[in-house]
Every structure is written in structure tokens, then in C-alpha cells.
Amino acid sequence: MVAADTHYDALVIGAGFGGIYMLKRLLDQHLRVKVVDAATDVGGTWYWNTYPGAMSDTESYIYRYSWDKEDLLSYEWKEHYIKQPQALAYLHHVVDRHDLRKYMQFNTELLSAQYNEERNVWIVQTSTNETFTCHYLVTALGLLSKQNWPDIKGIKDFKGEMYHTGKWPRSYDFKGKKVGIIGNGSTGVQVITQLGKENQVEKLVSFQRHPQYSVPSGDGPVSEEYREKINRNYDEIWEQVRNSAVAFGFEESDVPCMSVTPEERRKKFQEAWDLGNGFRFMFWTFNDLTVDPAANEEACEFIRSKIRETVKDQEKARKLQPTEYYARRPLCDAGYYEQFNKENFEVVSLKDEPIEAITEKGIRTSKQEYELDVLIFATGFDAVDGNYTRLAIRGRDGESLKDHWSETGPVSYLGVSVNNFPNLMMITGPNGPFTNIPPTLETHVEFISDTIARAEKNNPRNDGTVVKGAVIESTADAEKGWTQICDELSANSLFRKSPSWIFGANIPGKKYSSLFFFGGLKDYRRRLKEVIDGGYVGFKPF
Ligand code: FAD
Ligand code: NA7
């Protein structure tokens with residue numbers, strides 16, 4: 001027997017966008033649920049990432065939950081893109097509105113979880129020295145939440161201030177300071193743009209390994225009329241989002257890039273440039289930018305021409321122009337390239353002068369030492385599986401998740417379930433859809449809670465302390481089949497040829513493998529429906 005106050009029907013790990021909704025759905029099913037999070041409060045991504053310029057690059061009207069219609073229509077958003085403080089305030093608001101906080105425990109990190117087959121429970125140890133047991137272990141750990149600190153020689157020697165964007169301090173003051181920043185992905189671009197606009201630093205040096213293609217975001221205040229129009233059409237909007245590939249609120253193009261004249265191409269690219277948004281530029285203009293090298297090069301050259309037009313210093317412009325495929329997570333910005341027209345904003349190409357070491361005073365490249373007061377790591381995350389493999393999660397026969405994934409890379413069935421790990425349900429686990437994330441989070445949460453509801457109905461238990469009950473577990477064949485589908489769907493994608501976190505390429509030693517389902521949200525949802533309609537195909541009977 002286990003103590004009733006430490007046993008839960010479901011333990012949800014993570015109080016971000018995913019964990020909050022999961023809690024709500026499971027409470028609605030009258031389950032005994034607890035959420036734990038290592039953070040001191042709710043928010044997940046928006047709790048940790050408070051760096052200057054932190055914001056979403058999904059438009060505000062679809063970077064939110066769709067399930068509370070009244071709130072959707074009444075909760076204000078004032079700009080096309082939601083900034084970190086507003087995203088955090090929104091999640092606090094949802095938690096308060098639905099009175100969810102009392103089920104949450106903060107400052108509590110899950111350190112290990114062991115499945116006990118005999119009792120059919122998970123035994124969970126936390127950083128607070130508590131042991132919880134639960135029937136369902138639902139992980140909402142976040143696919144972009146384990147920070148990546150690169151292993152650069154001398155990193156511990158630096159005597160100045162050093163921060164990772166994913167664990168930003170509550171206050172900072174860079175006035176009159178020399179700031180160095182490593183990383184120019186989505187995050188680095190936001191930080192550099194914001195620090196440029198604040199105009200406080202004495203100097204900023206961007207240490208850039210690969211230049212990036214970034215397009216304007218199209219940010220700005222939204223008018224009352226715009227908001228009213230969205231509100232009038234919200235049902236259709238969500239319907240469209242769920243029935244699209246990347247779920248960014250537009251119809252993906254079905255026109256091949258090279259099927260139109262060069263003038264028409266340029267016109268379409270310009271139209272997307274003027275409207276703003278990275279995903280729109282990549283997927284709304286033409287249907288083959290991410291698969292046809294010639295089409296891709298057209299987009300590359302269009303963006304390069306914009307960089308050349310924007311950046312006045314030709315040497316800086318040269319360094320900022322990428323030559324690789326345009327096939328990483330598409331970026332957008334509110335004036336990134338423009339910042340380099342400031343004399344005190346420098347870009348160091350690490351191709352021209354690699355970093356040799358971080359020193360007490362700053363960064364030494366093969367050419368010179370850059371003295372810095374502040375060093376910012378905008379070096380991203382050990383994405384998708386990073387937050388799983390660092391933990392001791394053990395399924396049947398004591399097999400660890402890390403070992404389960406060691407040969408194949410991270411695999412799952414549908415991005416939610418792993419063979420040999422019964423009643424472990426992952427929100428946005430490996431090989432889930434590559435999309436605007438909230439609609440995928442909702443899809444996962446709803447699938448998981450419906451699956452649990454079915455399991456509970458078919459396998460009644462007496463009370464919270466009873467040890468048997470349902471076993472939800474995908475089969476080894478289903479997991480293999482899903483992995484193959486994901487592999488095939490990405491086979492022709494230029495993303496696969498462009499090393500980034502999307503294939504695990506940013507972490508030394510990590511297996512290069514598909515971490516996402518590239519078939520789009522519509523197709524993903526169709527496949528989920530087939531699984532359900534077929535009586536939970538791919539799961540052992542439950
Ligand atoms: P998270 O919000 O990452 O929450 C996970 C939580 O789990 C964290 O609070 C963490 O502390 C907790 N946790 C992890 N491990 C443990 C453990 N062992 N024990 C206890 N707690 C644990 N997505 C988009 O679709 N559009 C965007 O524009 C966008 N912008 C982004 C900008 C930034 C800067 C970042 C970092 C991400 C962005 N994302 C964006 C992705 C974003 O992560 C998701 O949109 C969403 O917030 C994920 O929610 P989540 O609940 O799944 O995970
Ligand atoms: P990203 O997209 O992984 O970008 C990380 C950046 O850090 C990128 O420019 C990397 O260069 C750079 N990096 C990483 N390690 C090093 C080392 N060792 N030396 C030099 N440069 C390095 O992370 P973000 O946080 O920007 O964005 C991740 C997602 O989170 C994003 O999609 C948003 O949704 C939020 P590289 O390009 O690999 O050469």
C-alpha cells in the first residue's frame with residue numbers, strides 16, 4: 001500500500017503550456033492529479049526565457065489555447081506577436097481563471113521515475129526528497145527547455161557576467177558594457193535586435209558560426225477591427241489551423257516555385273516579406289522551398305539581396321549572408337540586420353576566425369582577443385529528448401529511456417508513447433508534428449486524456465491506492481512503424497541536410513535522426529483518428 005497523500009492517478013511533470021491544459025483535462029475527468037515543476041511558478045518556456053526581446057514568433061491570435069472560447073474572445077492581445085511578459089501573464093491568468101494552482105507544486109524537479117510492474121505504478125523521486133507514486137506519468141517537459149551550454153575551452157575562466165538565454169536572471173543592466181553573444185538562431189536574433197533598439201550597450205559582438213536567413217516579422221499593434229474580425233471567425237480559424245501543415249494560420253501554397261516566371265517569384269516573395277512571418281515566407285509562398293534545391297536557392301537569393309540592401313558595411317553584409325540552404329526553423333525579426341549598421345555592433349564570422357578559447361577577459365579567436373563584460377549564450381537547447389535522457393526514467397525490467405533510445409535515437413509511437421514504458425504519456429515527445437506548437441500541444445493533451453478516459457472506463461479501480469488498473473502501452477512494432485514513417489517523411493527534406501536541433505545536430509555526440517513528424521498537423525490528426533477509430537491500433541489491448 002502507498003500513502004494516499006503521495007499517490008496520484010496522474011502525475012504531470014511540467015507547468016508550461018502543455019502541463020496546464022493536461023491538468024485541466026484530467027481534473028475534468030475527476031482524477032486525482034498533481035503537477036510538479038522545477039521552476040518556482042507556472043509558465044515553462046515563458047518562465048525561464050526572460051532575455052531581452054524574448055517573444056513568440058507565432059502570431060498572438062494562435063499562440064494561445066483554443067479550448068476556452070469565452071476567454072479566447074475576451075482576453076486582450078495588443079500586438080501581432082506576444083512578448084514574453086504577456087505570454088507569462090496569459091498562462092498565469094489561465095491557471096487562476098480555472099483555479100489550477102492548488103494542484104501544483106513548484107521547486108520540485110523529477111529526478112527519477114521507475115515503473116513497478118507488479119503494482120502497475122510509477123515510483124517518482126524528486127529533488128525535494130519526496131517519493132510519489134502514480135498510475136499515469138504524463139510528461140510535459142518541453143521540447144525546447146534543456147539548455148545547451150557548449151563545451152568551449154576556458155568557459156569557466158571568464159570573470160565577467162555570463163548568462164544563458166534559457167535561464168535568464170530576473171534583472172540585468174548592460175548599460176555601458178561590452179556584450180558578446182554566441183548564437184544567432186531565433187533567440188540570438190531576438191536578443192541582438194532588442195539590445196540594438198535599447199541602445200544601452202557600449203558594444204555588441206555577435207560570434208556567429210552560421211549566418212541565418214531571417215525575414216521581417218510584421219509586428220505592430222493590432223487594431224480593434226482586426227481583433228473583432230478574428231473574434232468573429234475564431235471557429236473557422238482554429239479549424240483551418242488544425243487542417244493545415246504547419247498550423248501558423250495561413251494556407252500553405254500548392255504552387256511549385258519554378259513553375260512561375262522570375263518576376264512572379266519575386267513578387268510573391270516580396271508579398272510575404274511585406275506581410276511578415278518566417279513560416280509564411282517558407283510555406284505560403286511556394287510548396288517546394290524545403291525540398292527542391294533550385295526553389296530553395298531562389299528564396300535564399302531573395303533574402304540575401306535584402307541583407308545586402310540593408311547592411312551598409314559590405315564586410316558586415318558579407319558575413320551576415322548565408323550560403324547554405326534555407327532549411328532550418330524559419331526566423332523572423334523586427335530589425336535584426338539593421339542593427340549591424342550601428343558602429344558599435346560587430347559580427348565575427350567563426351568560419352573566418354574560430355573561437356580558440358574563452359578567457360578571463362572575453363573570447364579569443366584565431367585572430368584576436370575580444371574583451372567583454374558580459375557573455376551571452378544564445379546557444380539553444382538539447383531539444384526534444386534532452387529533458388528525458390538526463391533523467392533516470394526506467395520502464396519494464398528496469399530498462400532506461402536513455403538505453404531504449406541509444407541505438408535508434410529518440411523514438412516513440414505518435415510522439416506520445418514508448419514501448420516498454422507503460423502508462424508513460426509524453427506531450428510533444430520525439431517524432432511529434434513540426435508545427436506552431438500550441439495546436440499540437442492541444443492535440444496531444446486531448447489524445448492523452450481521451451486515452452486515459454478510455455483506459456479508466458475499461459479498467460475500473462477501487463480507489464487511488466489500488467495498485468492494478470489499466471496498462472496503456474504501444475507495441476514495439478507500432479513504435480518501429482512510426483519511426484519509419486517519420487524517417488520517410490523527412491527523407492527528401494532539405495531540413496535534413498541542414499544541421500540544426502531539428503535533427504539533433506546541435507549537440508555533440510547526439511545521434512542524427514528525425515526528431516519530428518514532417519507530415520503536418522492535418523495528416524497527423526488524421527492518423528490519430530485512424531488509431532482511435534481502429535480501437536487504438538498500435539497499442540496493446542487496454
Ligand atoms: P515548456 O513550456 O518548456 O515547459 C516545460 C516545463 O517542464 C518547464 O517549466 C520545466 O521547468 C519543467 N520541467 C522540465 N523537466 C522537469 C523535471 N525533470 N522536473 C520538473 N519539471 C521539469 N513555439 C511556438 O509554437 N511558437 C513560438 O513562437 C515559440 N517561441 C518560442 C520562443 C522561445 C524563446 C522558446 C524557448 C520556445 C518557443 N516556442 C515557440 C516553443 C515553446 O517551448 C512552446 O511553444 C511551448 O511553450 C511549450 O510548452 P510545454 O508546456 O510543452 O513546455
Ligand atoms: P538554436 O536555433 O539552436 O540556435 C543556437 C545558436 O547557437 C546557433 O546560432 C548555433 O550556431 C549557435 N551555437 C551553438 N553552439 C555553438 C558553439 N559551440 N559555438 C558557436 N555557436 C554555437 O537555438 P535558439 O534558442 O535560437 O532557438 C531554438 C528554438 O527555441 C527556436 O526555434 C524557437 O522556437 C525557440 P549554428 O547555427 O549551429 O552554427
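Both ligands and their constituent atoms are indexed starting at 1 by order of listing.
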**Q.** ligand 1 contacted by Arg390 (non-hydrogen, < 4.0 Å)
**A.** yes
Q.
Regarding Thr193 and Gln190, do their side chains bring together a donor and an acceptor under 3.5 Å, going by distance alone?
A. no
Q: Could you say whether the N/O atoms of Asp57 and ligand 1 ever approach to under 3.5 Å?
A: yes
Q) Are Phe132 and His7 close enough that their ring centres sit under 6.0 Å apart? A) no
Q.
On a heavy-atom basis, I'd like to know which of Trp46, Tyr21, Phe17, Phe106 is closest to atom 31 (C) of ligand 1.
A. Trp46
Q) In ligand 1, which numbered atoms sit nearer than 4.0 Å to a non-hydrogen atom of Glu109? A) 17 (C), 18 (N), 19 (N), 20 (C)
Q | Protein heavy-atom partner closest to atom 18 (N) of ligand 1 - residue, atom, separation in Å | A | Leu110 O, 3.1 Å
Q.
One residue to check: Ile20. Relative to ligand 1, which of side chain, backbone, both or neither has a non-hydrogen atom less than 4.0 Å away?
A. neither
Q: Check whether any heavy atom of Pro438 sits under 4.0 Å from an atom of ligand 1.
A: yes
Q. Between Arg170 and Tyr47, is NZ or CZ placed under 6.0 angstrom from the six-membered ring centre and within 45° of the ring axis?
A. yes
Q) For residues Ser145 and Asn387, is any side-chain donor paired with an opposing acceptor at under 3.5 Å? A) yes
Q. Taking both backbone and side-chain atoms of Asp37, is any N or O found less than 3.5 Å from an N or O belonging to ligand 1?
A. yes
**Q.** Within the 4.0 Å heavy-atom sphere of ligand 2, strictly under, residues
**A.** Leu144, Pro150, Ile182, Gly183, Asn184, Gly185, Ser186, Thr187, Arg209, His210, Arg328, Arg329, Leu350, Ala378, Thr379, Gly380, Phe381, Trp501
Q) What are the atoms of ligand 1, with element, lying closer than 4.0 Å to any heavy atom of Ser145? A) 3 (O)
Q. Centroid-to-centroid, Tyr163 to Trp168, below 6.0 Å?
A. yes
Q) Between Ser498 and Ser500, is any side-chain donor less than 3.5 angstrom from a side-chain acceptor? A) no
Q: Answer with side chain, backbone, both or neither: which part of Thr58 has a heavy atom less than 4.0 angstrom from an atom of ligand 1?
A: both
Q: Begin with the C-alpha distance, continue with both residues' side-chain angles, and end with the deciding distance and a verdict on side chain to side chain donor-acceptor pair (under 3.5 Å) for Ser490 and Arg496.
A: CA-CA 7 Å; Ser490 70; Arg496 198 155 160 163; 2.8 Å; yes
Q) Has ligand 1 got any nitrogen or oxygen that is less than 3.5 angstrom from a nitrogen or oxygen of Trp48? A) yes
Q. If we ignore angles and hydrogens, is there a donor and acceptor under 3.5 Å between the side chains of Tyr21 and Glu446?
A. yes
Q: Check ligand 1 against Leu391 and write out every atom of the ligand that is under 4.0 Å from a heavy-atom position of the residue.
A: 18 (N)
Q) Taking atom types as modelled, is there a side-chain donor on Gln147 or His164 under 3.5 Å from an acceptor on the other? A) no
Q: Please determine, by modelled atom types, if Thr131 and Gln125 share a side-chain donor-acceptor pair under 3.5 angstrom.
A: yes
Q) Between the side chains of Arg242 and Ser66, does any donor sit under 3.5 Å from an acceptor? A) yes
Q: Give yes if a backbone or side-chain nitrogen or oxygen of Ala38 is under 3.5 Å from a nitrogen or oxygen of ligand 1, and no if not.
A: yes
Q: May I ask whether Ala140 has any heavy atom positioned less than 4.0 angstrom from an atom of ligand 1?
A: yes
Q) Any N/O of Gln190 closer than 3.5 Å to an N/O of ligand 1? A) no
(Q) Please report whether the ring centroid of Phe174 lies less than 6.0 Å from that of Tyr172. (A) yes
(Q) Donor-acceptor pair, distance only, cut-off 3.5 Å: does the side chain of Asp385 make one with the backbone of Tyr388? (A) no
Q: May I ask you to identify the nearest protein heavy atom to atom 34 (C) of ligand 1, giving residue, atom name and distance to one decimal place in Å?
A: Tyr51 OH, 3.1 Å
Q) When you measure from atom 4 (O) of ligand 1 to every protein heavy atom, which one gives the shortest distance, and what is it? A) Gly44 CA, 3.4 Å
Q. Among protein heavy atoms, which sits nearest to atom 50 (P) of ligand 1, and what does the distance come to when rounded to 0.1 Å?
A. Gly18 N, 3.8 Å
Q: Tell me which part of Phe381 gets within contact of ligand 1: side chain, backbone, both or neither, using heavy atoms under 4.0 Å.
A: side chain
Q: Give the numbers and elements of all ligand 1 atoms closer than 4.0 Å to a heavy atom of Gly14.
A: 6 (C), 7 (O), 12 (C)
Q: Check each heavy atom of Asn49 against ligand 1 and say whether those closer than 4.0 Å belong to the side chain, the backbone, both or neither.
A: side chain
Q) Got an N/O contact under 3.5 Å between Thr45 and ligand 1? A) yes
Q) Which residue holds the protein heavy atom closest to atom 46 (C) of ligand 1, what is that atom called, and what is the gap in Å? A) Tyr63 OH, 3.6 Å
(Q) When you compare ligand 1 with Leu144, is there at least one nitrogen or oxygen pair between them that comes in under 3.5 angstrom? (A) no
Q) Nearest 0.5 Å, what's the OG1-OH distance between Thr435 and Tyr524? A) 10.0 Å
**Q.** Residue pair Ser244 / Glu251, side-chain donor-acceptor N/O under 3.5 Å
**A.** no
(Q) Is the ring pair Phe17/Tyr63 parallel, tilted or perpendicular, if the boundaries are 30 and 60 degrees? (A) perpendicular
Q: Considering only non-hydrogen protein atoms, determine which one is nearest to atom 25 (O) of ligand 1 and report residue, atom name and distance to 0.1 Å.
A: Ile437 N, 2.6 Å
Q) Which residue holds the protein heavy atom closest to atom 53 (O) of ligand 1, what is that atom called, and what is the gap in Å? A) Gly142 CA, 3.1 Å
Q: Take every heavy atom of Tyr81, measure it against each atom of ligand 1, and state whether any distance is under 4.0 Å.
A: no
Q. Is it true that Phe248 and Phe283 have ring centroids separated by less than 6.0 Å?
A. no
Q: Determine whether any heavy atom of Thr108 lies closer than 4.0 Å to an atom of ligand 1.
A: yes
Q: Identify, for atom 52 (O) of ligand 1, the protein heavy atom at the shortest distance, and state residue, atom and that distance.
A: Leu441 CD2, 3.5 Å
Q.
I'd like to know whether ligand 1 has Ile13 as a neighbour, heavy-atom separation below 4.0 Å.
A. yes
Q) Side-chain donor-acceptor pair under 3.5 Å between His80 and Asn277, yes or no? A) no
(Q) Distance alone, cut at 3.5 Å: any donor-acceptor contact between the side chains of Glu353 and Tyr370? (A) yes
Q. Between Lys34 and Gln105, do the side chains contain an N or O donor and an N or O acceptor separated by less than 3.5 Å?
A. yes
(Q) Does ligand 1 come near enough to Asn436 that some N or O of the ligand is less than 3.5 Å from an N or O of the residue? (A) yes
Q. If we only count heavy atoms from C-beta on, is the Ile192 to Phe345 side-chain gap below 4.5 Å?
A. yes
